[in-house]
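Start at 1 and go down the list; that is how both ligands and their atoms are numbered. Side chains included, hydrogens not; waters and symmetry mates left out as well; all remaining heavy atoms used.
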Amino acid sequence: MPPLRRADLDPDPLAQAARWLAEARAAGCDRPQAMALATADAGGRASVRMVFVRALTPAGAHLLTDLESPKARDAAATGRGALAAWWAPLGRQLRLEGTLGRADPATEAALLAGWGREGRRAAWAGRQGAEVAGRPALEAARAAVEGDPPPPPWFGALCLVPDHVEVWQESPDRLHDRFAYRRVAGGWTLTRLAP
Ligand SMILES: Cc1cc2nc3c(=O)[nH]c(=O)nc-3n(C[C@H](O)[C@H](O)[C@H](O)COP(=O)(O)O)c2cc1C
């Protein structure tokens, strides 16, 4: 991979992120939309988990989740979140930090409409994070869900609207390339950082 230069980067970090995601997919990365989502509760206790970013649009990064899960409660408490992706075959990391809240209704509806049947059936079987007596109980709850159910009403989309985005690309000489976008009035600044 040639070194990353400022001229290679889109001035809009969400367009840049979407481009890198498409390149990761084209390079054969396994589920390149998987990213780590970090949140913290009102007391500052941090947690992180993997999610699938289902849409990277000019508005932000969108995921589907249980709207009363710990991550969604954190988002409601602090209004903030951060995402990170690592695409190993390309040696690239993407980081986004910003506000985390409910997605706009049209995007949420489109994402829920594209959600697969098995995911919807599994979501009806239990609330994210609730204690389960055992795998048989979980399977019984799913078996009770008939046919092709709609998404459960407690599922919806969160959107991370970034105000800070970083792109990082590995260099064989360990002098990696790293750029930070920061949101300012009317646009973005782009700065090269020490890796
Ligand atoms: C690769 C991968 C993708 C995942 N995608 C999602 C997702 O899109 N939405 C989601 O709610 N959980 C997803 N999960 C499960 C979460 O990591 C997590 O277990 C769950 O959301 C509960 O998180 P919380 O209790 O911190 O809210 C995924 C897990 C993995 C390993």
Legend entry - W20 and W168 aromatic centres sub-6.0 Å: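 Aromatic pair excluded; centres sit 6.0 Å or further apart.
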
Inset, instruction - Answer yes or no: are there more than 12 heavy-atom neighbours, outside E118 itself, under 6.0 Å from its atom CD? - result: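 More than 12 within 6.0 Å, yes.
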
Residue and atom name of the nearest protein heavy atom (relative to [atom]), distance in Å to one decimal:
atom: atom 6 (C) of ligand 1; value: V51 CA, 3.5 Å
atom: atom 13 (C) of ligand 1; value: M50 O, 3.6 Å
atom: atom 11 (O) of ligand 1; value: T65 OG1, 2.7 Å

Inset, instruction - Give the contacting part of L63 toward ligand 1: side chain, backbone, both or neither, where contact means a heavy-atom distance below 4.0 Å. - result: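 Contact part for L63 vs ligand 1: neither.
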
Inset, instruction - With heavy atoms only and a cut-off of under 4.0 Å, state how L64 meets ligand 1: side chain, backbone, both or neither. - result: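 It is the backbone that touches ligand 1; the side chain stays farther off.
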
Legend entry - Rounded distance [0.5 Å steps], CD in E108 versus CG in L158: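 Between E108 CD and L158 CG, I get 8.5 Å after rounding to 0.5 Å.
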
Legend entry - Interatomic spacing from OG in S47 to CG in D74 - rounded to 0.5 Å: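 Atom-to-atom, S47:OG and D74:CG are 5.0 Å apart.
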
Legend entry - Identified salt bridge (Lys or Arg N to Asp or Glu O under 4.0 Å) counterpart of E166 within the set R178, R182, R192: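 By the salt bridge (Lys or Arg N to Asp or Glu O under 4.0 Å) criterion, E166 pairs with just one of R178, R182, R192: R178.
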
Legend entry - Any non-hydrogen protein atom less than 4.0 Å away from atom 9 (N) of ligand 1: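 Under the 4.0 Å cut-off, atom 9 (N) of ligand 1 does have protein heavy-atom neighbours.
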
Inset, instruction - Consider every N or O of Q128 and every N or O of ligand 1, then say whether any pair is closer than 3.5 Å. - result: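 Yes - when backbone and side-chain N and O of Q128 are compared with those of ligand 1, one distance drops under 3.5 Å.
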
Inset, instruction - Would you indicate which of R49, Q33, M35, K71 comes nearest to atom 26 (O) of ligand 1 when only heavy atoms are counted? - result: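 Residue with the shortest heavy-atom distance to the ligand atom: R49.
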
Inset, instruction - Begin from the C-alpha positions of D10 and R19 and carry the test salt bridge (charged side-chain N to carboxylate O under 4.0 Å, His left out) through to its verdict. - result: CA-CA 9 Å; D10 195 292; R19 184 196 295 171; 3.7 Å; yes

